[in-house]
2 protein chains.
Amino acid sequence: VTSQDRHQVVVIGTGFGGLFATKGLRREPVAVTIIGRTPYHLFQPLLYQVSTGILSVGEVAPTVREVLRRQRNAEALVGNVTAIDLIERTVTSRAAGLITVTHYDTLIAAAGAGQSYFGNDDFADFAPGMKSIDDALRLRARIFGAFELAELEVDESERRSRLTFVIIGGGPTGVEMSGQLAELSRHSLNNNFRTIDPTSSRVVLVEAGATLLASYGPKLSAHTKRALERSGVDVRLNTAVVGVDADGVDLRLTDGSTDRILAKTKVWAAGVTASSLGGLLAAQSPAKVNRSGQVLVESDCTLPGHPEVFVIGDLMALDGLPGLAQVAIQSGEFAAAQIARRLQGKRVRAGFRYRDKGQLATIARFKAIGIVGPFKLSGTPAWLLWLGVHLIYLVGFRNRVTVIAHWAVTFVSGARSERTAPSDEFYQD
Amino acid sequence: VTSQDRHQVVVIGTGFGGLFATKGLRREPVAVTIIGRTPYHLFQPLLYQVSTGILSVGEVAPTVREVLRRQRNAEALVGNVTAIDLIERTVTSRAAGLITVTHYDTLIAAAGAGQSYFGNDDFADFAPGMKSIDDALRLRARIFGAFELAELEVDESERRSRLTFVIIGGGPTGVEMSGQLAELSRHSLNNNFRTIDPTSSRVVLVEAGATLLASYGPKLSAHTKRALERSGVDVRLNTAVVGVDADGVDLRLTDGSTDRILAKTKVWAAGVTASSLGGLLAAQSPAKVNRSGQVLVESDCTLPGHPEVFVIGDLMALDGLPGLAQVAIQSGEFAAAQIARRLQGKRVRAGFRYRDKGQLATIARFKAIGIVGPFKLSGTPAWLLWLGVHLIYLVGFRNRVTVIAHWAVTFVSGARSERTAPSDEFYQD
């Protein structure tokens, strides 16, 4: 078969789902085109380590085409998908004014989820999210810049506001981010300042619900809360954020009372919403989207009425599966395997079965929590497991080499060696 | 002596000059305040490796206050110096609206040099310079982005223009940058693309003068030209850039003829101009500035009429010393030593003596040129020397660890593991 005659697979999205679907097709007689809004694959679970100065951008975001360089049947394209035509079977994408139309025989929609401000898009300027390299470097400039400016500040209440960090959202990202910020101010900035005392910084984690890390169950949730509090994090449960501006956040508690925290630096780790491509697919098919914008798929991850279209990862709504890397990876591999079975004339699987491999979240250096099968772990054993699992799943041998070097630096000395970010704009004027 | 009574030294600038002056004062009974426009010390000679995907930003730009954390008599402040008062002996600086006035007994002005577009500031948008982390990441996004967009381009001449890189200026930065770009397109992007052939990229190095690396003498200059040409660089000597726009550059040769190169990506490595603080100092003293904005100093690096003000590094004009890291380092150490001698009541030195330790420039992996004492080196021996010297001068043990990891990745495999930069803006629309 020549490449023209080959079965054409288009994959939209370069996250875990899209990448593992593409890799799953490496030995199949197909031509895969993977289209991403950015040229890189983002290892999102470690993005908070970029914001807090531990890892470099290349380590968590290798270029997709470099990752796929040996997979000759795959081509990576950068582009924002602007249209999908389910009749003509084409995907239209656009990057820097260049429009590309790509034909598919099978489509894998793995466009994932973006930050959601629950309709309050004006919060975004003041509380960047945690979804891209641009976000992470913006936050890195703000976090380390907050301490720099506090050192210059003569007004005591302004200085306190510069040394207050509010993290909105008590899921894994919010917990890991607040744990890191506490460690940063308690340990990593040792001896760095002459006027301020970084250990006097306030880190406030605000969660609208009644627990942190709800999916870990009440015992580990309570453990996490205690561990964060021991690290110096002020954990506010049952507290909704109703306003975010340059100077602080406005809160409303479940009892109806209100509060305001003065804080120059805010991080949004609260809501996600599926890519708008879900709506684009639903509009042309019998499919429906849920409130988060995810597409309600058939049990085999296909779009209702369109067996040639798979919807996977965070864009897919199936059996209430959570928005985890593992769900994306496994649904991506499943879609690839189904395509292979179809092309080989084999019997396809009736439905996707998610195999829960467990969950892990770090709270601080040497401290993590996890669920692995029937076991609930915490403390150093969980942290060591976290370390191993993340090294295994990091994409690319070369990245692992430098990540180990950076982790050695941080975990041995407590210091951060990747504190610099573009900052012309931050300090300007 | 309490810190209030201590002799106050203010250092302006966190480059090699400012940092080594500060470090030179670490055992003296002084209080040093070092003020920089950015919070980081930039190892400028390796900045081109950030742009071309070899090193991370933290590796070439450690935070000044982290570098100085153990030097208890030094305080680092971020701020753009807006005024110097030689009568009141104060320095006024500003960052994000916060104004700081710092008193000095001795001032060390080490504000260095910035990019000069020789009056054509409109070139800056199209041809970023090589002077800051912001510059380097902007260039990284453009360089790797050029290949990404070329892969999408259907128009043949537009594609050629996207795969053409023009480097303006044949000094060390221009030579190293064009050598790297040649290597990047010839080797590092192997197997990355399916449509374009990155090895067909054009790298053009444009120099207005008759030789590359003029300070290395005719033999090594000619060697460099040949080596670059063998790597595939199109070297254009005696060629001035008279126009830069989004689509290309306009050239004028010394014979009066003109030419135009269509190229989307341009890098400005041509001119430097001293910080405007030179003019600020000259306006209040008998000192004069030269055409490059450098202050003509006394033989002991002090400002004429103001023995309490040292002007060092790139901001200083003295005996025609070149704008090299070594000149900045040695003049910084000299200023520190003079201050120590004065405070100890010892006899000060009459003048600064520069000790030429030689020069080194890389052309490609395993290829460099250098002058060390009476020896002129080239090829692998020069490259190994370059490697050693840069590791020694890199600031901080931790950075050296990860730089070695990144260099191992690049020099062994040829690949680049730091290709990702903020790119939302680049691909937008």
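Below, read A as the first sequence line, B as the second, and so on, with proteins coming before strands; counting in each chain starts at 1.
Only the backbone of A:L68 comes within contact range of chain B, with at least one heavy atom under 4.5 Å from a heavy atom of that chain. For a residue to count as touching a neighbouring chain, one of its non-hydrogen atoms must lie under 4.5 Å from one of that chain's; by this rule A:F426 touches chain B with the backbone only. For A:T402, the parts sitting under 4.5 Å from any heavy atom of chain B are the backbone and the side chain alike. Only the backbone of A:A74 comes within contact range of chain B, judged by heavy atoms closer than 4.5 Å. Residue A:S188 touches chain B through its backbone alone, counting heavy-atom pairs closer than 4.5 Å. If you measure heavy-atom distances from A:N399 to chain B, the contacts under 4.5 Å come from the side chain alone. There is no contact between A:D135 and chain B, counting heavy-atom distances below 4.5 Å. With a threshold of 4.5 angstrom between heavy atoms, A:I133 approaches chain B through side-chain atoms but not through N, CA, C or O. Contact annotation for A:Q71: only backbone heavy atoms (N, CA, C, O) come within less than 4.5 Å of a heavy atom of chain B. For chain A, the nearby part of B:Q428 is the backbone; its heavy atoms alone come within less than 4.5 Å.
Here the OG atom belonging to B:S56 is positioned 4.5 Å from the NE2 atom belonging to A:H406, to the nearest 0.5 angstrom. Rounding to the nearest 0.5 Å places CZ of B:R70 at 11.0 Å from CG of A:N192. With rounding to the nearest 0.5 Å, the separation of CG in A:L152 from CD1 in B:I99 is 11.0 Å.
Contact annotation: the side chain of B:Y427 approaches that of A:V78 to within less than 4.5 Å [non-hydrogen atoms, C-beta and beyond].
Between chain A and the options B:E75, B:E59, B:R416, heavy-atom pairs under 4.5 Å are most frequent for B:E75. For the set B:G145, B:A76, B:G58, the count of heavy-atom pairs under 4.5 angstrom toward chain A peaks at B:G58. Counting heavy-atom pairs closer than 4.5 Å to chain A, the top-ranked of the candidates B:D134, B:V409, B:V401, B:N190 is B:D134. Note: A:R194 leads A:R37, A:R138, A:R194, A:R72 in heavy-atom pairs under 4.5 Å with chain B. When each of A:G97, A:A405, A:P39 is checked for heavy-atom pairs under 4.5 Å with chain B, A:P39 comes out on top.
Taking the charged nitrogens against the carboxylate oxygens, B:R65 and A:E148 do have a contact shorter than 4.0 Å, which makes a salt bridge.
Panel note: side chain A:S417, backbone B:R398; no donor-acceptor pair is recorded below 3.5 Å.
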**OP:** Quick one: do A:L77 and B:E151 satisfy side-chain contact (heavy atoms from CB on, under 4.5 Å)? Show the steps, please.
**Re:** CA-CA 8 Å; A:L77 296 182; B:E151 183 80 347; 4.0 Å; yes
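Scanning both residues, B:L137 and A:P422, for their nearest heavy atoms gives CD1-CG, 3.5 Å.
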